[in-house]
S.K.: 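Just dropping this structure here.
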Amino acid sequence: MEPHLVPVILKALTYDEKRGSCSVGSNVRDAACYVCWAFARAYDPSELIPFINQISSALVIAAVFDRDVNCRRAASVSYRILGTFPHGIDILTAADYFAVGNRVNCYLTISVYIAGFPEYTQPMIDHLVNMKINHWDSVIRELSTKALHNLTPRAPEYMANVVLPRLLPLSVGTDLHTRHGAILACAEITHALCKLAEENNRSVTYYFNEKSLEGLKQIHQEVLAAICLFFFLYLSVCQFFFLTVCTLIEKLSLSKMPFRGDPIIGGWQWLINDSLRSLPLVSSTARQHIKESAVSALAALCNEYYINEKGEADPALQDELVTRYISGLQNTEEMIRCGFSLALGALPRFLLKGRLQQVLEGLKKATIISPEDVSFAQARRDALIAIAKVCQTVGVKGEGSQEEYVCKDNVTQIYATLLNGVTDYTTDSRGDVGGWVRKAAMTSLMEVTLLLVQNETELINANICKQIMCWLAQQAAEKIDKFRAHAGSVFLTLLHFDRPPVPHIPHREELERIFPRSETETLNWNASSEAFPRITQLLGLPTYQYYVLLGLSVSVGGLTETTVRKYSAQSLFEYMKKIQNDSSEMESFCETLLKVFEDNLRNDRVSVPLLTMLDQMLANGCFDIFTMQGNHPFPVKLFNLCKEEIKRSKDVRKLRSSIGVFCGLIQFEGDMREKVLFQLFLLLCHPFPVIRKTTASQVYEMLITYSDVVDPAIMDEVMTILSDTNWEAELTVVREKRNHLCDLMKVPKPQLVSKVKYGNVLLSFFLCNDQLFY
């Protein structure tokens, strides 16, 4: 075998060159793996012995650290074919063809196992430092630094004396990718070394000399200068710096580096605050990462450097931090509110002591919807998340001070804020953004409730528990899969929690029968076919009936024909069939249905789909038990509510849905029929041609279905007028036909009461049962 080939092959195994937004090196690396495989076939094993260590190390590194799965698998197969190499069987077992398919597993788990063999430890570390922390792909850079953290216990002296001194100059260099990777690597290695020193009962600075400590402090100064220099010119560069240095601050704080009292702590705090203030200026993809990184850094910094020997905070520092973050909750920028909300949620207990009520009041204000910030759904979401975090941090003490604990004096206020979040149905150009708030509110309700249950159960009263479970039941009956699934999961978690059980859950026994503990994990709330047959059973429980029906109204009467609408309607109709012969159950259900309608009158989010649902229920005979009872109060009240809902409405969808309800109400005998016909004939002369046409079409179908409504002698003439008239013609023509129908069917004609000229338009007003219609 020619010795000069080996260096070429080794170089090819790590070849990577970026061109544009992608790399062209993967084909070369894959071919190099094939060449190594061919060596084993072409040469006698004795000829490969001088090169086996070099080739095996290179193939192991490629199998574990290559960016592309095909190259990792090719290296793993080639490694197997080579045959004789150090610890081959053990390595092949850990890094086989399938194991190397998961990149994260390769970097963080398999690499640690293989690095346990001394022959591979240093080559793997060197490869990460030389080739991966400066990689063009940021994901690879971040994985590489985490891998260095995990590999540090395998060679702590080498990391401290060789690797860290090499990384410190790179962390203040000019190349952005190298700088990013080097700072993260310094942070991870430092944290790993300090953990190792602590485990061995050594000083945290055991592995660091003075030069290394100064180098770590210098990183912050250089980054701060770069942010000031490039902030407005190269904002994308500053995003890297914010994210990277916040991670550095977090890791150095967790490492308990001896910087207490050092001016650098103030610089770190300024940088964290500046990261949160700059969130509106960075790209939307980077915001969440920077926000999370800054909040984690703040928590670590406070826990390590802001607490004194007595376990207390400096009053001046506490006042400055808390006041700054609470004032930021009313900022005009949504992202700043988000950052400062989560910052308050991350503060440790000693900084919240004596200021708890002030913090909770500030977060409560951030959850209130006002005309100026109605679209700030993300800010309200993060404020609700922060409230739960604060409660978990300060703990529970029933008779304690409301400035220090969750107690009897503030628990009602906390629950009121969280329950208010469940009612957020804000929509904008992004869709149902209120769903983010509702989801956060449900999670926070669960966390606070379980916290109270495990510490002071008596703080949860029956009314609060009833509200929580009812609101969750409503959310579990609504149409958006991910929010329904989350609500269902929280509902079952509270129902089946037993350490100790959540008190005062209404109808606990019935709920446990509907949702057995054994099916908690298997019930798929995302699947409409599984969720709705279960949740509709709650209609039979008086406490939940109103809320489940409210949720079902939105699902059954949805805008489009989806699986949600299909299965929710099926489940509702099946429930109605079960109670058809039980007059008391039907009376209770109809009373609740009318209550839902009345409470949501002119609330288009509920009333429009509710009209569609009522149309379907009337068409499916859900109220047949009342059709033979003359002038039953249910259809009368329903008619009046529908009439009130469409009064002066210009919403075409609402008007069309109401037509279906009016046509369905014709099946009820008594005075109802004349009222319904009068209302339908009124709609036959509606200003909107599409409404006139829809009304005529549905009245035609109604008369075919309920033929007893019209005298057979005039049926043909009525049907001819309905079908042959051009209902999209001028109102004067249409009104004549409509009035002829009124005469034929002996229905009072609407009376014209006045005409008003508005600009160039002549408006005609009619008086129809005390309702003005034009």
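A quick note: this is a predicted structure, and the numbers were derived from the prediction, not measured. The figures that follow rest on heavy atoms only: side chains count, while hydrogens, waters and symmetry mates do not.
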S.K.: Taking atom CH2 of W268 and atom CG of L301, what is their separation to the nearest 0.5 Å?
M.R.: 7.0 Å

S.K.: Tell me, yes or no, whether the heavy-atom count around E17 atom CD, taken from other residues, nucleotides or ligands under 6.0 Å, exceeds 12.
M.R.: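 Yes, enclosed.
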
S.K.: Does any part of the side chain of F350, heavy atoms only, come nearer than 4.5 Å to the side chain of Y306, both counted from C-beta?
M.R.: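 Result yes, sub-4.5 Å side-chain heavy-atom pair found.
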
S.K.: Side-chain polar contacts of residues 193-200 - donor-acceptor pairs under 3.5 angstrom, sequence neighbours left out - could you list them?
M.R.:
residue: K195; atom: NZ; partner: H149; partner atom: NE2; Å: 3.2
residue: E198; atom: OE2; partner: K256; partner atom: NZ; Å: 3.4
residue: N200; atom: ND2; partner: L196; partner atom: O; Å: 3.1

S.K.: Measuring from Q318:CD to C302:SG, what's the distance to the nearest 0.5 Å?
M.R.: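 If I round to the nearest 0.5 Å, the distance is 10.5 Å.
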
S.K.: Ignoring hydrogens and angles, tell me if any N or O in the side chain of R179 forms a donor-acceptor pair with the backbone of S171 under 3.5 Å.
M.R.: yes

S.K.: Kindly determine whether K217 and E214 satisfy salt bridge (Lys or Arg N to Asp or Glu O under 4.0 Å), including the steps that lead there.
M.R.: CA-CA 5 Å; K217 290 165 67 173; E214 285 299 319; 3.7 Å; yes

S.K.: Taking the side chain as every heavy atom from C-beta outward, state whether F340 and M335 have any atom pair closer than 4.5 Å.
M.R.: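 Not in contact.
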
S.K.: N130 and R166: side-chain donor and acceptor closer than 3.5 Å?
M.R.: yes

S.K.: Can you give me every donor-acceptor pair (side chain of residues 112-123, partner residue at least two apart or in another chain, under 3.5 Å) with its distance?
M.R.:
residue: E119; atom: OE1; partner: H87; partner atom: NE2; Å: 3.1
residue: E119; atom: OE2; partner: H87; partner atom: NE2; Å: 3.4
residue: Y120; atom: OH; partner: Y79; partner atom: OH; Å: 2.9
residue: Y120; atom: OH; partner: P86; partner atom: O; Å: 2.8
residue: T121; atom: OG1; partner: A115; partner atom: O; Å: 2.4
residue: T121; atom: OG1; partner: F117; partner atom: O; Å: 3.3

S.K.: Between H135 and H177, is any pair of side-chain heavy atoms under 4.5 Å apart?
M.R.: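 Of all side-chain heavy-atom pairs linking H177 with H135, none is under 4.5 Å.
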
S.K.: Where does the angle between the aromatic ring planes of F259 and Y305 fall among parallel (under 30°), tilted (30 to 60°) and perpendicular (over 60°)?
M.R.: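 Correct class here is parallel.
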
S.K.: Could you tell me whether R73 and D30 have a side-chain N and a carboxylate O separated by less than 4.0 Å?
M.R.: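 Salt bridge: no.
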
S.K.: Look at D68 together with R29 and state whether they make a salt bridge at an N to O cut-off of under 4.0 Å.
M.R.: yes

S.K.: When you look at D16 and R67, which way does the salt bridge (Lys or Arg N to Asp or Glu O under 4.0 Å) test go after all the steps?
M.R.: CA-CA 10 Å; D16 196 14; R67 179 177 180 272; over 6 Å; no

S.K.: Quick check: are there more than 12 heavy atoms from other residues, nucleotides or ligands sitting under 6.0 Å from NZ of K146?
M.R.: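 For K146, atom NZ is not crowded (no more than 12 foreign heavy atoms under 6.0 Å).
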
